[in-house]
> 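Could you have a look at this structure, given as C-alpha cells, before my questions?
Numbering starts at 1 and runs along the sequence shown. None of the values given here were measured: they were computed from a predicted structure.
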Amino acid sequence: MSSVSSKTKKNLVVGAGLTGAVIAERLASVLGEDVLVIDKNHWLAGVAADYKECGINVQKFGSHIFHTNHEFIWKYLNRFSKFNTCSYKVLAYVDGQYLNIPFNLNSVAAAFPKTLCEKLEKKLVKKYGYGARVPLADFKSKTFFWDKDLDFLASYVYQKVFINQYEKRMGMMNDAMLSCALKKAFVSISKDNRFYKDKYQGIPVLGYTKLIENILNHKNIRVLLNTDFKTVDIEGFDRVFYTGSIDEFFDFKYGALGYRSAHFEFEEYETEFFQNAGVVNYPNDYDFIKIHEFKRCCSPFVSRAKFGTACSISSNKKTIIAKEYPADFKQGKNERLYPVQDNRSLKMLNLYKAEAKKLNNVYFLGRLGDFKYYSMDGAIKRALELFDSIKFKAAIEFCREQAPNVSSGRI
C-alpha cells in the first residue's frame, strides 16, 4: 500500500527488538515510508535473541515463549514465521520436591502427605471453586484465623515458593514493589500445569532472531547493527522511535532508572533431557535462580514450513541448559532485563516523561522506553497501537495538504 502522504517521510527506529521491528515494518509496509533501524548490539531481537546449537534454538537471555489471547497479534506474527505448539511449563525446587508453578492442586499433592493434601484440596475448592485463580495478595493477606490448615498453606506458598524467588531476582524489596508483585502472582485451584493459559502459545520454529529478520525484510527498511544512537544525526529524520532506556536518551539528566540483570551460564549434556520442564525455579537453594532447558520448549517434531526447514529434535541425544544468576545492572557490562519500579525510579520516570513531552515527533516505547515489563504480546500491542495513532495523524496531514487543491478545484 502506498503512503497516504504526498511526501515520503524518513523514520529512525532505535532498537531492533520486537517493538522496534514491528513499528518499522508497519511504517514501511502500510505508509510506504523509509525506515532506518539501528541497534547498539551486533544481533537482532534484543533480549529474545537466539542461535542454533546442536540443532537446538538456544536463547541468549533465558527462555521466552510467546503467548497471547489476541488473535490479530497471533495472525500478524504468523505472517513472518511458523510457530510450534508448545505450552510453557515451570517447576520450583522446594524442600527436595518439584512443585508446579503457578502453585496449584498438583503442587499441593507433591508437597504434602496424602491425608493433608486431600484435606487442603477439599477446603480450597470449597472456598474458591475449582478453576479459580487467587492472587497471592488475597491468599496471603487474608488471615485464615478460622482455619489453621489454609493459614498454614498460605504461609507455606509465600515463604517457600514466592518471597525468596522475588528477592533473589530483584535483589531488594520494599512495600510498593512487594504489593505489586503479590498481585501478579497467584494460586491456581486446578490441575492445569500450564504456566500461561492464553489461547495462542508457541515459539518461532526457526527462532526469534529469524522472526525479527523476516519482519525487517522490506525494501523500505535499512538495518544498521553495532550502531550507537549518539552517533546518529536525528535532524534528518521526520520521526524518531526510541526503544532504548529513556533515561539514557536524556543522558541520565535526573539519574539512572533502576534495573536488574542476570548472568547466564550455558552447559551442554550428552542426554536427551536434563529436567522435566522448560524452566525450574530455585527460590531457596543455590545461587542461581533458574535453570532453562531450551529443548523442552520445542515441539517433539518440527516439520518443513514455508519459512524454511527446522531440524527435528526427536532423535537429538544432546541438550543445552542455562543457569540464570541474578545480577545488578551495570552500564556497558550487561543488559537491562527487569525494571525496578520502586518509588525512586517511578518519580524519576515522571521527570523523564515530562522531558519527552517537550519533543516533537520523538516517541518512546517498549520495555525500556516505557520502563515497563511487557510480555511480548504486550510489546507488540503497544507498537501497533502507536502506529495506528501515527497513521491517523498522517491521514490528517494528507487531507490538509490536499485542502488548497480541493478549494481551487484541482486534485
Side-chain angles (χ1 to χ4, degrees), residues 1-5 7-41 43-50 64 66-68 70-83 200 202-225 227 229 232 234 237-244 305-308 361-370 374-395 398:
M1 183 182 296
S2 61
S3 171
V4 297
S5 174
K7 174 189 174 184
T8 300
K9 292 182 180 287
K10 294 182 179 180
N11 300 275
L12 174 65
V13 175
V14 182
L18 199 54
T19 301
V22 170
I23 196 73
E25 185 276 329
R26 293 286 82 190
L27 290 165
S29 297
V30 179
L31 296 185
E33 297 181 353
D34 294 329
V35 186
L36 172 64
V37 178
I38 65 171
D39 199 295
K40 66 178 182 179
N41 297 311
W43 65 80
L44 297 173
V47 295
D50 49 25
H64 297 78
F66 183 81
H67 59 99
T68 186
H70 298 293
E71 184 179 7
F72 73 96
I73 293 178
W74 181 250
K75 287 184 175 180
Y76 173 80
L77 287 185
N78 273 266
R79 293 171 51 197
F80 305 101
S81 175
K82 191 76 174 176
F83 280 69
Y200 304 103
I203 291 177
V205 295
L206 297 179
Y208 288 104
T209 298
K210 185 62 177 178
L211 168 67
I212 298 302
E213 181 183 324
N214 289 341
I215 292 174
L216 293 174
N217 184 21
H218 192 281
K219 64 179 181 179
N220 294 345
I221 297 176
R222 181 176 168 223
V223 180
L224 291 178
L225 302 178
T227 303
F229 169 69
V232 178
I234 66 173
F237 296 92
D238 297 285
R239 306 188 198 93
V240 175
F241 299 87
Y242 190 84
T243 71
K306 68 177 180 177
F307 298 99
N361 295 319
V362 178
Y363 303 89
F364 296 87
L365 68 162
R367 182 173 52 88
L368 305 183
D370 289 331
Y374 283 112
S375 60
M376 285 189 282
D377 75 324
I380 294 172
K381 188 170 182 288
R382 168 79 168 101
L384 292 177
E385 288 175 346
L386 175 59
F387 171 73
D388 284 342
S389 68
I390 296 294
K391 182 173 65 171
F392 179 76
K393 185 177 179 181
F398 177 75

> Hey, does Thr68 have a side-chain heavy atom less than 4.5 Å from the side chain of Lys381?
no

> Checking ring-ring contact (aromatic ring centres under 6.0 Å, His included) against Phe229, which of Tyr242, Phe237, Phe241 comes through?
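It is Tyr242, the one option of Tyr242, Phe237, Phe241 that forms the ring-ring contact (aromatic ring centres under 6.0 Å, His included) with Phe229.
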
> Are any non-hydrogen side-chain atoms of Leu77 and Ile215 less than 4.5 angstrom apart?
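Yes - at least one pair of side-chain heavy atoms lies under 4.5 Å apart.
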
> Can you tell me how far apart OH (Tyr374) and CG (Leu368) are? Round to the nearest 0.5 Å.
11.0 Å

> Among Lys10, Lys9, Arg239, Arg26, find the one that has a side chain to side chain donor-acceptor pair (under 3.5 Å) with Glu33.
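Only match with Glu33 under side chain to side chain donor-acceptor pair (under 3.5 Å): Arg239.
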
> Walk me through whether Ile38 and Leu12 qualify under side chain to side chain contact (heavy atoms under 4.5 Å, CB included).
CA-CA 8 Å; Ile38 65 171; Leu12 174 65; 4.1 Å; yes

> Under a 4.5 Å cut-off applied to non-hydrogen side-chain atoms, are Ile203 and Asp50 in contact?
no

> Measure the shortest side-chain to side-chain distance between Arg382 and Thr19 over non-hydrogen atoms and say whether it is less than 4.5 angstrom.
no

> Where do Asn361 and Asp238 come nearest, in terms of heavy atoms and distance?
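Of all heavy-atom pairs spanning Asn361 and Asp238, the closest is CB-O, 3.3 Å.
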
> Does a side-chain heavy-atom distance below 4.5 Å link Leu18 with Ile380?
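In short, these two side chains touch, coming nearer than 4.5 Å.
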
> Any non-hydrogen side-chain atom of His218 less than 4.5 Å from a side-chain atom of Ser29?
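Yes, side chains in contact.
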
> What distance separates Asn78 CG from Phe80 CZ, expressed to the nearest 0.5 Å?
10.5 Å

> If I take atom CG from residue Leu206 and atom CG from residue Asn214, how far apart are they, to the nearest 0.5 angstrom?
8.0 Å

> For the atom pair CD1 (Ile23) and CG (Leu365), what is the distance rounded to the nearest 0.5 Å?
6.5 Å

> Provide the closest heavy-atom pair for Val22 versus Ala383 in the form atom of the first, atom of the second, distance.
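So the minimum-distance heavy-atom pair works out to CG1-CB, 3.9 Å.
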
> Considering all heavy atoms of both residues, which atom of Tyr208 and which atom of His64 are nearest to each other, and what is their separation?
OH-O, 3.0 Å

> Report yes or no: does Thr227 contribute a side-chain atom to a donor-acceptor pair with the main-chain N or O of Leu225 at less than 3.5 Å?
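Checked: pair present.
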
> Taking Tyr200 as the fixed residue, which of Trp74, Phe66, Phe83 is the one that meets the side-chain contact (heavy atoms from CB on, under 4.5 Å) rule?
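For Tyr200, the side-chain contact (heavy atoms from CB on, under 4.5 Å) test succeeds with only one of Trp74, Phe66, Phe83, which is Trp74.
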
> Strictly distance-based, threshold 3.5 Å: is any side-chain N or O of Asn41 a donor or acceptor partner for the main-chain N or O of Trp43?
no

> Taking all heavy atoms of Asp377 and all of Ile73, pick out the closest pair and write down the distance.
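Result for this residue pair: O-CD1, 3.6 Å.
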
> Taking all non-hydrogen atoms of both residues into account, name the closest pair between Leu211 and Ser81 and its distance.
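So the minimum-distance heavy-atom pair works out to CD1-CB, 3.7 Å.
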
> Shortest non-hydrogen contact from Val35 to Val13?
CG1-CG2, 3.7 Å

> Is it the case that the side chain of Asn11 and the backbone of Asp34 share a donor-acceptor pair, with hydrogens and angles ignored and the cut-off at 3.5 Å?
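Answer holds: yes.
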
